[in-house]
Visitor: 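Below you will find the structure I want to go over with you.
Order of the sequence lines sets the chain letters (A, B, ...), proteins ahead of strands, with each chain counted from 1. Worth saying up front: this structure is predicted, and the values here are computed from it rather than measured.
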Amino acid sequence: MIVKNRRVTFLIGGEAGDGIFASGNILSKTFMHGGLHVFSTNEYISIIRGGHQWYSITVSESPVFSNRYKIDFLIALNREVPIIHIDRLEKKTSFIIIDERDKSERIVDFNIISLPMYDILKKRNAKKVMRNSIALGALVGLVKYDISILERVYMNTYSEDIAEKNISLAKMGYNYVLEKYPHYLKKIFFSSNISRSQRIFCTGNEAIAIGAIASGLKFYAAYPMTPASSILHFLALLQKDLNIVVIQPESELAAINMIIGAAFAGVRSMTATSGGGFSLMTEALGFAAMAEIPVVIVVVQRPGPSTGMPTYTSQGDLRFVLHASQGEFPRIVLAPGDPYEAFEIAYYSFNLAWKYQLPVIILSDKFLAESGWSCDKFIPPFPIEEGKIIRDVYNGREKYKRYKITEDGVSPFAIPGVQNAIVKANSNEHDEEGSPTYDPALVNSMVDKRFKKQELLKREMLRYKTIKYYGDEYPEKIIVSWGSLKGPILEAINILGKNKKIGFLQVIWMEPFPRDLVKNILSKVGENDIMIIENNRTGLLNSLLNEYLHLDVKKKFLKYDGRPPYPYEIIKFLEG
Amino acid sequence: MIVKNRRVTFLIGGEAGDGIFASGNILSKTFMHGGLHVFSTNEYISIIRGGHQWYSITVSESPVFSNRYKIDFLIALNREVPIIHIDRLEKKTSFIIIDERDKSERIVDFNIISLPMYDILKKRNAKKVMRNSIALGALVGLVKYDISILERVYMNTYSEDIAEKNISLAKMGYNYVLEKYPHYLKKIFFSSNISRSQRIFCTGNEAIAIGAIASGLKFYAAYPMTPASSILHFLALLQKDLNIVVIQPESELAAINMIIGAAFAGVRSMTATSGGGFSLMTEALGFAAMAEIPVVIVVVQRPGPSTGMPTYTSQGDLRFVLHASQGEFPRIVLAPGDPYEAFEIAYYSFNLAWKYQLPVIILSDKFLAESGWSCDKFIPPFPIEEGKIIRDVYNGREKYKRYKITEDGVSPFAIPGVQNAIVKANSNEHDEEGSPTYDPALVNSMVDKRFKKQELLKREMLRYKTIKYYGDEYPEKIIVSWGSLKGPILEAINILGKNKKIGFLQVIWMEPFPRDLVKNILSKVGENDIMIIENNRTGLLNSLLNEYLHLDVKKKFLKYDGRPPYPYEIIKFLEG
Amino acid sequence: MGSIYLTNKKNVWCPGCGNFAILNALIKALERLNLKPESVVLVSGIGCHGRINQYVNVNSIHVIHGRVLPVATGIKISNNRLTVIGHAGDGDAYAIGLGHLPHAARRNVDLTYIIHNNMIFGLTTGQVTPTTPKGMRTRSTPYGNIENPLNPLLLALVSGATFVARGFAGDIKHLIYLFEEGIKHKGFAFIDVLQPCVTFYNTYSYFRERVYRLEETDYDYTSFKKAIAKATEWGERIPIGIFYKIRRETFEEQLFQLKDKPLVQQEIRINLEKVYKILS
Amino acid sequence: MGSIYLTNKKNVWCPGCGNFAILNALIKALERLNLKPESVVLVSGIGCHGRINQYVNVNSIHVIHGRVLPVATGIKISNNRLTVIGHAGDGDAYAIGLGHLPHAARRNVDLTYIIHNNMIFGLTTGQVTPTTPKGMRTRSTPYGNIENPLNPLLLALVSGATFVARGFAGDIKHLIYLFEEGIKHKGFAFIDVLQPCVTFYNTYSYFRERVYRLEETDYDYTSFKKAIAKATEWGERIPIGIFYKIRRETFEEQLFQLKDKPLVQQEIRINLEKVYKILS
Ligand SMILES: Cc1ncc(C[n+]2csc(CCOP(=O)(O)OP(=O)(O)O)c2C)c(N)n1
Ligand SMILES: Cc1ncc(C[n+]2csc(CCOP(=O)(O)OP(=O)(O)O)c2C)c(N)n1
Ligand code: SF4
Ligand code: SF4
Ligand SMILES: [Mg+2]
Ligand SMILES: [Mg+2]
């Protein structure tokens, strides 16, 4: 059944509180350490106990970009799970690992691996939540995987006693399957190309956190908000080792104003939130722009409007972040599509913010934020750049002026405490020294000064991959998309194969918009052969194409039920 | 000098605290009650005392739409004023009314009417601030106006003793001029076409307040913010006569959430603010949209970003209000251009909000908000409409469902307290009853239900003037603009005269955007004969033309120093 | 239970959660007060507590995080015949929404404000809040919370709340009493409920060992000074009950606009002449 | 004056405004403390008070309305060698920005927070604020304010502020003393200054007749209980002075991250291996 480059998908389903995500992570890492490529993702509703949730893992010997609809192996932690996912199971070939008592009439068409999980728990005096360890062991046995890798992951993850308890349960599941279902055993290949120890299993949120750390983040303030919270949790955990300050203040209003204070004082700072929290940051975003204070804001999208569906995914906030806050000012908006890009963008967003003294927004989404990839370790692509910062002594001949009008619009940026410089920042329109001004000519110069940075940015952009193009060099059709949809689209294109001649244009820089590059790529095909795929209802990237390229893409696949598209849906769209 | 249909411009200049605005209002009303058309506007900086400020009044026997650059009569309350405005004065023809002591070398080229104002004050034992009354009297004498009208306005405005004090001072100025400068006296015509008593002198902010009142506003909550504050002051004053509740809560966050509560409870409610306050309302805007609660939000623009220039004008928030708040939802954004439109839009915005159960934003700007026009009294153009509201008893057969999916997307809207109905509203994505839902099909239906209102609106729009077209039927050039710039543009076109064949397209509905109507008008000329004029730097309406019509207007007059364009600047642009 | 105040929605709180006690006490209090379901509005914030709306068969609105008070205020002023009850979490009320509390208290709008104070962000899976004890490890403070917790009762007292109480989800009988008194109280009734979160911060036994009812002592709740002193008591013994209760004119009572009837019932008969007089 | 702490900017406050006294007292306090201008940061809010930044020759940032405290907190934590002083108006601090005050107080970041409390919105031309007396007619309450005013000192006290004081702009000598003590205090120093607004609410004579200095009594500012009682005193006699002062570990002192040197001076030497270990 399992061959090279094919994908195999595992899904663990159960209730909130069943430890689905923890065991999903364990299993993902287990496959990763065996040398396989892994992509994992989850779905859950915004409650703490009860309610169905699942974690799916797709593995392959080649890189995996997204999850699949079809499930090869299902771990069902209760009786409902197979029923809920029945359409995703393949008769005859799909396996279901389930407790003996939870078997039912309705699943007889599938390969059932039933175990007396509750009996084993009782024997071992283990808590109910631990039955997923039995199931993991059973699964590892079933796919003839090396149980010692699973053991190692347990040991890495938990304290010794907890790890051992889980391992012993896993072994019971493992042995049970080897004994009772020898005829069913399926072999999953181990890849040998990749040294096992060099890989990490990383979510989009973690990749952003790492990029920020690598870029010198020293002050992080955020108010929890799904699906951005795991950045806070991850950084909070790391604060000791990395000596960074991590604060959870009273609100998003406080969070963004704190990081503005930190950046004004010379410290690289960041916050992260989702749309609702970003709404509360809107006013301070303009403050940072007017006062020319470099901040990095991560916005992880979920379906709106308002509270919407907190634990689902969406790309509905693009226009919002592009235009948030009163007045006009340059900003940078970057949308990563996978952990590598998330790392790199987080890394260089600080360089951009500090060199150009403006706010940078990283626009992510739940599907990227909470999905996990097996990745190579990230390496910063270029050094840390600070631009015109003055950290110790100001040596200028004239009095220091925070908003000095320079050729390129960027003023020397002394921080408070610098010798010979008194630094005055202002949210009002101001003169060079930072005093309020109403003089029309001066106002014009100051507005122009800020906008000059846009010119600089047009040049700076050339250093970065503001778009990416994948697929055929002479395509017949081009898909345009952004953010986390990159994964499912790449999967779909891979499945369709080369001779379909499909190209895929991923837009990464949303502002400044890489108009010419996009135009250039799209000129490869006729207007009717361009297609857009987005996780929103109105086609927000398409609205940018309308605005910047005067192109209204007619063929659209817009999904707005909170779920990312599956590769098969994309294929259906492409073919339909 | 003064002939019919020509404009005459008066300017009163002095320091903050000199009573410039009060006397400007008095003088404006005086001219209005003499039957003239009046347009008044002001400029001041955001401090309470000191700093130059001015109030200008332009009068004519035909309607006046904007102020003029050239000043015919200047009341200078200190020595600097004529110097500051020297470029606006015409040698030989301009008059300057000034205290004897404040005369200077530099103004000898103009007609100087100097008075011993300080001596008069002393004689009368009057406060320094009252010297503007002397000046008003002098001016009224100078232009041979009926001093009894001025007296009447004083009596209408102040308590008897204060009025009398001012009147006696004004008379002294009046008599002084008649006596000392008989050779200078200039006659301003009195118009006879208009019955004097029927007119009001009204700002854009007041017009919005009146429209809201006429439409049944009963609950107003707002946090003060220039240039929206005068709506609060005006409504606060009127609360007693009109029995409306006017609250100044602790913040804009509170203001908008209070009006959401009020609307949920069945009461027409409104708030007003400027960009910074609207930033804080962003999150609740989406809440209103998701919960389908009808609110009206007035955003009066001033230059940003951030605190910017609080007392100046701008059109920099268009894209911001169009896209504010996370997620996608239908909203209505309306931009009035004069008090009549401000009244009408405020009036029908409540009908729209309540019929379609969504947020409506009225997008105004400082130039409209704080300028004053002599107007005919406003008359509501059609009755109050509530749509599917249930106020007493719910008689449906099935259980009441707040978010019932109906053909047109609009659900029957029972308010709490209605018999037989339990009303459940939610900021979460929800089912028909208002319970959270994550079911993909249901989510799709709910998103679609909300967006169906957009279809309804497309039909409803036909009832309103979503755009207006002025000027030549077969134009050679068309100006496109919006909001308060309507005034200066109309003035400029009038000055240029009919044979210039210039058309002017005013866009009033910004969302839903009247794409076809705009397209239709613009098709009258070639792309190169379209011009855009905006009070911002990047051409925000132009960005909408790009997005909706794939039209990038090349000829742009963008002014972003906080001042509205003068007609002469527009003429220069048109001719240049 | 089968109360008319209960809906048939499936409850999604963790088994054993303190929210159940709050829900049950509320239902009982409504029963005792015999309020018509149509005449009651619950306003709930975002968090586990916010779900309570779904389970109570009265009008309700699930607002955005931290904004229970302004929404409730808008409702009450617009229709002062309604009984308006706010439910907020400690995150909702004391973190993001704290800016509204002192104002609601000094305004004295006739609302009941019930805080499900589990000293943790529940729904976002266990982060620190303003009432989390110092030193506690949470997901956002894995090395221990370094902030002094707030004392919400003191805050409500000094802000001018006219009814200040504390309940405990482990003492449902007492809770029913507090809710009943709070809802009956004319003015702003503030009730902080110690609510164990069995998943992220299980405080049942901690509080059970310490709480005692003020009603079983000779405590006098009409003295502001005593209330302040009592509210400072927190340690081996933790008082629950009504700390403070006085009658002060409510905000609505001072609104001449509501003298005749609620705003929502007033007809729209506009005489613009009064307006035009000012402008002429 | 010619102080090194004064800029040459033209002052735009109304002649006679209480803000002048605050400015002068601040300058004098800085002189007495002999702080290097480069080592001080003023953080000011939006309102007439906010202009103070322009007149003081130290680093400054004019923030958005109500956000003095979070910005000041971010600055102080990033560079704890700086002296950070916040200036806010009563609108700024007690209306829109009130949500930050209790948190700054309980956190005990080493800041000085000076409120220019003129009991009115000055810059927006005279509307009601949370400290405007009941009954007062303002532009937004032309028929009289119906809300009970806040008592900011009580609020700061119960929130955990470690230095709580009140000054009066009519007593500049005393004000200098308060500012000096507040700036010297390690921890969150809250100083509410009664500041007459000659244009919209001239309270000079009202307060001059009533205020008395606590320092001229035998008042003991180390007792929380006494501080609460003193802070409730408001009427014929109004106390000014230090109401409360204790030493409690500051937020920064508890941050292990700042043990060696300020954040801003720490080199960026990142060892990602520690991060990667967690992810493998
Ligand atoms: C503006 C905003 N920020 C953050 C969130 C995310 N959020 C949802 S619930 C919650 C905390 C809930 O804590 P609490 O109010 O104590 O309620 P509990 O779950 O403990 O009942 C947060 C931070 C949000 N919904 N909106
Ligand atoms: C978000 C926001 N809302 C409103 C305003 C308008 N505004 C400017 S100053 C001010 C009030 C100032 O009052 P206060 O803080 O007491 O300062 P004062 O002028 O009295 O010194 C307001 C409401 C603003 N700048 N930003
Ligand atoms: S997480 Fe805590 S507060 Fe939320 S439902 Fe579970 S036990 Fe209750
Ligand atoms: S308005 Fe009041 S507070 Fe503002 S400068 Fe004038 S006197 Fe001072
Ligand atoms: Mg909580
Ligand atoms: Mg003030």
Visitor: With sequence neighbours excluded, tell me which residues meet side chain to side chain donor-acceptor pair (under 3.5 Å) with B/Thr311.
Guide: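 For B/Thr311 there are no side chain to side chain donor-acceptor pair (under 3.5 Å) partners, ignoring immediate neighbours.
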Visitor: Side chain, backbone, both or neither: which part of B/Arg302 has a non-hydrogen atom closer than 4.5 Å to chain A?
Guide: neither
Visitor: Is chain B contacted by the side chain of A/Tyr438, its backbone, both, or neither, given a heavy-atom distance below 4.5 Å?
Guide: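 Answer is both: backbone and side chain atoms of A/Tyr438 are under 4.5 Å from chain B.
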Visitor: What heavy-atom pair brings B/Val443 and A/Tyr560 nearest, and what distance separates the two atoms?
Guide: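 Looking at all heavy atoms of both residues, the closest pair is CG1-O, 3.9 Å.
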Visitor: Could you report the tightest heavy-atom contact between A/Gly327 and B/Asp317, atom names first, then the distance?
Guide: N-OD1, 2.9 Å
Visitor: Looking at A/Pro305, A/Gly275, A/Gly304, which has the largest count of heavy-atom pairs under 4.5 Å with chain B?
Guide: A/Pro305
Visitor: Where does B/Leu540 contact chain A at under 4.5 Å (heavy atoms): side chain, backbone, both or neither?
Guide: side chain
Visitor: Quick one: does B/Arg537's side chain get under 4.5 Å of A/Asp448's, heavy atoms only?
Guide: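 Yes; the side chains approach each other to less than 4.5 Å.
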Visitor: Which bit of A/Pro440 comes within less than 4.5 Å of chain B, counting heavy atoms only: side chain, backbone, both or neither?
Guide: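 Both parts, backbone and side chain.
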Visitor: May I ask you to name which of A/Gly562, A/Gly286, A/Gly308, A/Gly316 has the most heavy-atom pairs under 4.5 Å with chain B?
Guide: A/Gly308
Visitor: A/Ser543 versus chain B, heavy atoms under 4.5 Å apart: side chain, backbone, both or neither?
Guide: both
Visitor: For the atom pair CG (A/Asp561) and CG (B/Leu442), what is the distance rounded to the nearest 0.5 Å?
Guide: 11.0 Å
Visitor: For B/Leu551, is it the side chain, the backbone, both or neither that has a heavy atom under 4.5 Å from a heavy atom of chain A?
Guide: backbone
Visitor: Taking 4.5 Å as the heavy-atom cut-off, does anything in residues 43-54 of chain A contact chain B, and if so which residues?
Guide: A/Ile45, A/Ser46
Visitor: Checking A/Arg563 against chain B: side chain, backbone, both or neither under 4.5 Å from a heavy atom?
Guide: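 For A/Arg563, the contact with chain B is made by the side chain alone.
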Visitor: Can you tell me which residue among A/Ser314, A/Ser279, A/Ser274 is in a side chain to side chain donor-acceptor pair (under 3.5 Å) with B/Gln326?
Guide: A/Ser279
Visitor: If I measure from the heavy atoms of chain A, does B/Asn426 come under 4.5 Å with its side chain, its backbone, both, or neither?
Guide: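 Neither part.
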Visitor: Quick check on B/Tyr312 against chain A: is it the side chain, the backbone, both or neither that has a heavy atom closer than 4.5 Å?
Guide: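 Side chain of B/Tyr312 only, per the 4.5 Å heavy-atom cut-off to chain A.
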Visitor: Nearest 0.5 Å please: distance from the CG atom of B/Leu280 over to the CE atom of A/Met281.
Guide: 13.0 Å
Visitor: Out of A/Arg319, A/Gln301, A/Glu429, A/Met309, return the one with the most heavy atom pairs under 4.5 angstrom to chain B.
Guide: A/Arg319
Visitor: Say you draw a straight line from OG of B/Ser306 to CG of A/Asn428; how long is it, rounded to the nearest 0.5 Å?
Guide: 8.0 Å
Visitor: Please look at B/Phe287 and chain A and tell me whether the side chain, the backbone, both or neither of the residue comes under 4.5 angstrom of a heavy atom of that chain.
Guide: both
Visitor: Chain B: which of A/Pro436, A/Gly276, A/Ala289 shares the most heavy-atom pairs with it under 4.5 Å?
Guide: A/Gly276
Visitor: Taking the side chain from A/Glu328 and the backbone from B/Asn536, do they hold a donor-acceptor pair closer than 3.5 Å?
Guide: no
